[in-house]
Amino acid sequence: SQQGEEDPQALSIQEGENATMNCSYKTSINNLQWYRQNSGRGLVHLILIRSNEREKHSGRLRVTLDTSKKSSSLLITASRAADTASYFCATDALALSMKTSYDKVIFGPGTSLSVIP
Amino acid sequence: ETGVTQTPRHLVMGMTNKKSLKCEQHLGHNAMYWYKQSAKKPLELMFVYSLEERVENNSVPSRFSPECPNSSHLFLHLHTLQPEDSALYLCASSQDSPGRSEAFFGQGTRLTVV
């Protein structure tokens, strides 16, 4: 079942503007991660934020987490054309198998960001 | 370059063919995964290997068969696939479980079943 869901599905902005993407999830989490994917390629990890953290920064990226609202946001400041990509949030979930329990991540459908030069 | 290498990058196969996807990581990670990414759908976890032991994922059809001969290599054996299996197949690895630590992804294999 889908845990995280990004909003909006697609976003188009001018270079230099800020881009904000949101992620909502349904059940309690320990961690939430944001990943980026350039067209048809692998995912690249951006930030991991733990449930006891409210905000985290990495360069031009700012991630917030509101566990009471079960939501997170990713802000990219001063966007560049090279930021054009899909952005995914991923939440952890405990899964059970025949052999053991294990942590897995559930990815949302993503936000497609286009930054126009 | 993420440290996770997948081959081939592109694969076209007929429904009666047998092929294998290969993934290799030299990051010293303990866990490796196969994901499937279809158009307009979220990433789907197919298989998890932790310390070379497979954690079952019962929702994956038997025409997909994983193999993890050692902690650095992961294969996905394909046979009698269907056109709807066409997708981007991504391999990933992590030091710890993916919920607790960063996952490193390969560039993916774009599979087309004809």
Side-chain angles (χ1 to χ4, degrees), chain A residues 1-6 9-10 23-53 56 58 63 85-112, chain B residues 1-7 9-10 23 25 27 29-60 87-112:
Chain A
S1 62
Q2 189 167 304
Q3 165 75 315
E5 190 157 338
E6 294 87 348
Q9 290 186 338
C23 171
S24 59
Y25 56 92
K26 298 187 176 87
T27 60
S28 295
I29 60 169
N30 295 308
N31 304 298
L32 184 144
Q33 302 180 59
W34 284 92
Y35 285 83
R36 163 199 167 121
Q37 183 182 33
N38 287 69
S39 179
R41 309 195 72 177
L43 278 70
V44 175
H45 184 267
L46 298 176
I47 286 184
L48 181 152
I49 187 166
R50 304 191 189 284
S51 59
N52 61 354
E53 297 176 310
K56 211 160 182 180
S58 177
V63 168
S86 292
Y87 292 82
F88 298 88
C89 70
T91 50
D92 65 319
L94 186 64
L96 297 173
S97 74
M98 293 191 301
K99 296 182 180 179
T100 185
S101 62
Y102 60 96
D103 283 321
K104 65 177 186 179
V105 289
I106 301 176
F107 287 85
T111 291
S112 177
Chain B
E1 182 59 53
T2 63
V4 180
T5 304
Q6 287 187 245
T7 54
R9 291 293 307 278
H10 300 272
C23 177
Q25 59 97 359
L27 301 169
H29 287 169
N30 295 321
M32 296 185 76
Y33 319 86
W34 282 115
Y35 285 90
K36 175 184 178 183
Q37 188 177 34
S38 305
K40 311 292 185 186
K41 294 174 76 173
L43 231 64
E44 301 171 55
L45 178 64
M46 299 177 72
F47 298 103
V48 179
Y49 275 84
S50 177
L51 297 172
E52 302 162 47
E53 183 176 357
R54 183 170 101 186
V55 175
E56 294 286 346
N57 188 311
N58 296 324
S59 63
V60 181
L88 182 67
Y89 288 84
L90 293 164
C91 173
S93 70
S94 62
Q95 178 58 38
D96 202 342
S97 65
R100 303 177 197 172
S101 61
E102 172 184 0
F104 291 76
F105 282 80
Q107 295 298 311
T109 295
R110 173 68 63 185
L111 173 68
T112 304

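Below, read A as the first sequence line, B as the second, and so on, with proteins coming before strands; counting in each chain starts at 1. If you're wondering where the values come from, they're calculated on a predicted model, not measured in any experiment.
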Would you say that more than 12 heavy atoms from the other residues, nucleotides or ligands in this model lie under 6.0 Å from the CD of A:Glu53, or not?
yes

I'd like to verify something: which residue of B:Cys91, B:Ser101, B:Ser50 has the highest number of heavy-atom pairs under 4.5 Å with chain A?
B:Ser101

Using the rule given for side chain to side chain contact (heavy atoms under 4.5 Å, CB included), can you reason through B:Tyr35 versus A:Val105, listing the C-alpha separation, both sets of side-chain angles and the distance that settles it, and then say yes or no?
CA-CA 11 Å; B:Tyr35 285 90; A:Val105 289; 3.4 Å; yes

Measure B:Gln37 against the heavy atoms of chain A and call it side chain, backbone, both or neither at under 4.5 Å.
side chain

Could you grab the distance from atom CD of B:Gln107 to atom CG of A:Asn38, nearest 0.5 Å is fine?
9.0 Å

B:Tyr49: partners by ring pair (Phe, Tyr, Trp, His ring centres under 6.0 Å), with sequence neighbours left out
none

Show the nearest heavy-atom pair for residues A:Arg41 and B:Arg9, with the distance to one decimal.
NE-NH2, 4.4 Å

Option that, when pairs with chain A are counted at under 4.5 Å, heavy atom only, ranks first among B:Gly106, B:Ala103, B:Ala92:
B:Ala103

Can you tell me which portion of B:Ser94 sits under 4.5 Å from chain A's heavy atoms? Options are side chain, backbone, both or neither.
neither

Name all residues meeting the side chain to side chain donor-acceptor pair (under 3.5 Å) criterion together with A:Arg50; count only those two or more places apart in sequence or in a different chain, and write none if there are none.
A:Asn31

List the atom of A:Phe107, the atom of B:Pro42, and the distance in Å for their closest heavy-atom pair.
O-CB, 3.6 Å

Determine, step by step, whether B:Leu90 and A:Gln37 satisfy the side chain to side chain contact (heavy atoms under 4.5 Å, CB included) criterion, reporting the C-alpha distance in whole Å, the side-chain angles of both residues, the deciding distance to 0.1 Å, and the verdict.
CA-CA 12 Å; B:Leu90 293 164; A:Gln37 183 182 33; 4.2 Å; yes

With a 4.5 angstrom heavy-atom cut-off, is it the side chain or the backbone of B:Phe104 that approaches chain A, or both, or neither?
neither

Roughly how far, to the nearest 0.5 Å, is CG of A:Leu46 from CD of B:Glu102?
9.0 Å

Between A:Leu43 and chain B, which part of the residue has a heavy atom less than 4.5 Å away: side chain, backbone, both or neither?
both

